[in-house]
Structure formats: structure tokens, C-alpha cells
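Indexing begins at 1, ligand by ligand and atom by atom, following the structure's order. These values consider heavy atoms only, across backbone and side chains, with no hydrogens, waters or symmetry-generated copies. All values reported here derive from a predicted model rather than from experimental measurement.
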Amino acid sequence: MSRSAHPAGPRHADVVPEGHYTAPPTDLNALDSKVWAQTVTRTPDGVVSVGGIDVKKLAEEFGTPAYFMDETDFRARARAWRTAFGEDADVFYAGKAFLSRAVVRWLHAEGLNLDVCSGGELTTALSAGMPADRIAFHGNNKSTEEITRAISSGVGRIVLDSFQEIVRVAHIAESLGKRQRVQIRVTVGVEAHTHEFIATAHEDQKFGIGLADGQAAEAVRRALALDGLELIGIHSHIGSQIFDMAGFEVAARRVVKLLAEIRDEHGVELPEIDLGGGLGIAYTSEDDPSEPHEIAKALHEIVTRECESAKLRTPRISVEPGRAIVGPTAFTLYEVGTIKLLDGLRTYVSVDGGMSDNIRTALYDAEYSVALVSRVSEAEPMLVRVVGKHCESGDIVVRDAFLPADLAPGDLIAVPATGAYCRSMASNYNHALRPPVVAVRDGEARVIVRRETEEDLLHLDVG
Ligand code: LLP
């Protein structure tokens, strides 16, 4: 690739984004329930509301940009997963998607468990009263301090990710006079159809221990031999934002095969398998995710069938959905600042946030939808690119979207399905202040994570 400067065409590398976007929707004012949280609707005066409060009031009280989370929807989705999987399975919400103390309390109340992957997430979970035995601790490079804290606080399971960690966790558990329940995370060699950065079960990557070359069997051998460990099962997570159940099917089959090999070699039937998270959600009307009951039914059937043919007792299944629970429950509210019409090229709509509150578009080419929410409009659809206010041309929130042609500075627009991996991956780039998360329910709104202030920035900067 040439890195020397040359006269630019109108578009970078002169790439015309034909075919990247679809035709405009028939009704720009409509809100597709696939991508918007459950209680989102338009009030008779045309303003969008959530949890019974309209977005103009929310913007006045909490400012923009801000994430608004539909608590009713969050709880309903958590409950749907819990109910779908039933009493003989466990649902661990993946805290990396979004974690706060309020969320921990909702999960606890709805009977879910929690997957954490850092000391910070562990502290948040414990400080909001999640019982330690309902917490799973993950990560491919947990520190000695994190492992010590996890074991001392009594976490229900640690998911072991490497040979070194098997010994490390065993050693720390023994030195604390404990026997730690653990699972071993294996990479099953499945190619999940998702972005490379969020696919995790092909062999060439940093997570887990490979199944194919006998490494996983060796890890089991070592774990079973250590007094500090109680090996309760095998873990597999194949990736994220996946729609096709075929990958889970292959993963389940390979994990059950390993369970049978363990029984044959060691005479033990491990009682649990965890099939990870990764179920996709609708970011645009084109996406068609499965419902929790369909997923639960499919996974139960696969595991039961495979165990029957291997003559194994069916293990207790657990899953770790993050995005599928929290993703659809929130939207990000922005105020339009400037609109730039580049004749014959593109229209740029700049909002008061950007890649600091949603890095997913820049990082994964993620697609989002957007709507004008502070009023209705009968104007013609206009193809736009919604961009942020950061000093970077990759600062794109929605690559291609239709908004009404009479859009003007001061209008409020909202991007749905930003509950997962937006606030949790937010940054202070350009010293942006990370937006608040406001939970809305039954006509009441309350801040669950407050907006950062410039004082917060100065507190961290010790001069
Ligand atoms: N379990 C394990 C072991 C995981 O690594 C993950 C996600 C999950 C469960 C939850 O996956 P979910 O159901 O939320 O897809 N930042 C990326 C996603 C990274 C996912 C990392 N691990 C994104 O914004 O798409």
C-alpha cells in the first residue's frame, strides 16, 4: 500500500458506497419494535417516549448525549432467558456488555447469575449484593491479585484459560486453604460467522485451550490431579453477535465428546457444560434474532441428543448472554449540532457524542439505525452519515441512514440497541465526558451511572 500523499478524489480511495445502504423506509417516523426497547413509543404529539417519559423532557433533565435504558425491558429479557432455560440450567449475564450496581440488583432479583472478567466487575457485583457463589470469573490473563480476591470472596467458578492458570489457581486456592470450583475453557475449532475481532472459537486466537490437538484433554488431566481445584465442567464461547445456531451445535457436540473421553479415561462424568454467550440482536430491521425459548430448546436438544448417544448423564447447562439481554434495552440520545451537505457526495449530520460513546461502528463496521425522536416529520428521506464530534474522520456513529430532509440543528435523534458494549467500551478520547446511563421505568427516570465531569478528568490527572 502506498503511504505517500497524492491528490485525493472526492471520496477516500474513490470508493463509492453503492449497495451499502438499502432503500429508504416507507415511514421514517415509524419505530421498528425489533430494534427499539419494549416501552419506546411515539406520544400523540410525535415525540418519542420511553418508560412513559418523552425524550425532550429526558434531554432537558439529563442532557445529551445520554444512554436511556428501559428497565422494564431489561428485566423482561432477563426473565425470559431465565424462564426459557428453566431450573436445570443457569443463565450467567455477561457483565462486560454493561455492568452497574442497579443492573446487578435487577439480575439478582430475576434469578440470574453473573459472569465477570475483571477485578472491577467483581467488585461492582459484590458491592451490589450478588452472592459470590452465583459469580463466574473469566479472563485469559487474570492477575494473581484478581484470582486471590475471587477465591477469597467465594466465587462459584473460575473459568481456567491456560496451562499456567491451572497451576496458578490451584496454588492460590491451596494457599488459602480452599478447593476452588473451576471449568476449563476450550476452543472447539468453530468458525463463527461474525466479525474477526469477536469470533473466539477458531484455533488461532488468545482464548481457551485447543480441543483438536489433545491440549484440552491434557488440561483436564492436570486439573483433576490438583488438590486445590474441583473441576466441574467444560466451557466454550464461540463468539459474539451470532445468528446461526449451527456453530453452537458443533461446539456442543465437541464438548460432549470431550466429556465422554474424560469419563473413559478418568472414570468421572463432569456435571456441567457452559456454552457461553454470543447470541445476536437486531441493530437494524434486516436482522432476525432468535428468541430465548428457541435458543434454550435448541441447546437442550443438542446436548441431550449428544449425551444420549455417548451414554452420558446430561450435564447441567449454562449460558452467558450479555448483548441479547441488555443490547436492545437502551438507546443513545444525541442532539444534532451541524449538518453539512457535500454536493453529490454525502450529507454529514454531526451529533454531540461519537466514537467515545459508541466505538462499535469504527471498530467492527457495526451497523445501527437512527431516528428523529423530538418530533415527527413529513419531509422526504435524506441519506446521511451520522458522525460524532471527535477529531478523527473514522468517528462515525451510523454509516448510512435515512433521516428527514428537514432535519435541523437542535433536533434530537436516537440510535437504538446501544445497551451492550457502548457505555462499557466508552472512552475519554479528546477528553470527552462519558455519558450517563439513565434507567427509565413507569414514568420515573433515575441516573444509574452519572455523567462524567471535567472535575473527574482533573482528579485522575495528578499533575
Ligand atoms: N461469555 C464469554 C466468555 C465472553 O467472552 C462473552 C463476550 C460473552 C459471554 C458475552 O457475549 P455476548 O452474549 O454479549 O455476545 N465488544 C464486542 C463484543 C465482545 C464480546 C466479548 N465476549 C462488541 O461490541 O460486539
Do the non-hydrogen side-chain atoms of Val303 and Pro315 ever get within less than 4.5 Å of each other?
yes

Classify the contact between Arg323 and ligand 1 as side chain, backbone, both or neither, using a heavy-atom distance cut-off of under 4.0 Å.
both

Numbering the atoms of ligand 1 from 1, which are under 4.0 Å from a heavy atom of Arg360?
23 (C), 24 (O), 25 (O)

Should we say atom CZ of Arg221 is surrounded by more than 12 heavy atoms from elsewhere, each under 6.0 Å from it?
yes

Taking distance alone, with N or O pairs closer than 3.5 Å, would you say Tyr364 contacts ligand 1?
yes

Near Ala94, which atoms of ligand 1 are under 4.0 Å from a heavy atom of that residue?
8 (C), 9 (C), 10 (C)

Mark up the atoms of ligand 1 that fall under 4.0 Å of a heavy atom belonging to Asp115, in ascending order.
1 (N), 9 (C)

Against heavy atoms of Glu320, which atoms of ligand 1 measure under 4.0 Å?
1 (N), 2 (C), 3 (C), 8 (C), 9 (C), 10 (C), 13 (O)

What I'd like to find out is whether the side chain of Pro289 reaches to under 4.5 Å of the side chain of Leu279, using heavy atoms alone.
no

For Met425, counting its heavy atoms only, list the atoms of ligand 1 lying under 4.0 Å from any of them.
16 (N), 24 (O)

Lys/Arg N to Asp/Glu carboxylate O, Glu110 vs Arg75, below 4.0 Å:
yes

Which ligand 1 atoms, with their elements, are less than 4.0 angstrom from a heavy-atom of Gly322?
12 (P), 13 (O), 14 (O)

A quick test of your reading: do over 12 heavy atoms of other residues, nucleotides or ligands sit less than 6.0 Å from NZ of Lys297?
no

Return yes or no for this condition: an N or O of Ser240 is under 3.5 Å from an N or O of ligand 1.
yes

For atom CZ of Arg316, is the number of surrounding heavy atoms from other residues, nucleotides or ligands below 6.0 Å larger than 12?
yes

Atoms of ligand 1 under 4.0 Å from any heavy atom of Gly278, numbered from 1 in the order shown, are 11 (O), 12 (P), 13 (O), 15 (O)

Consider ligand 1: state whether an atom of it lies below 4.0 angstrom from any non-hydrogen atom of Pro321.
yes

Audit row: Ile232, Val182, side-chain contact (heavy atoms from CB on, under 4.5 Å) steps and yes/no:
CA-CA 6 Å; Ile232 58 163; Val182 295; over 6 Å; no

What I want to find out is whether Lys96 reaches Asp115 closely enough, with some N-O distance under 4.0 Å, to be called a salt bridge.
yes

So, does Ala420 sit close enough to ligand 1 that a heavy atom of it is under 4.0 Å from the ligand?
no

Distance-only polar pair, side chains of Asp70 and Thr329, donor-acceptor under 3.5 Å:
no

Can an N or O of Ala97 be found at a distance shorter than 3.5 Å from an N or O of ligand 1?
no

Enumerated ligand 1 atoms positioned under 4.0 Å from heavy atoms of Arg185:
3 (C)

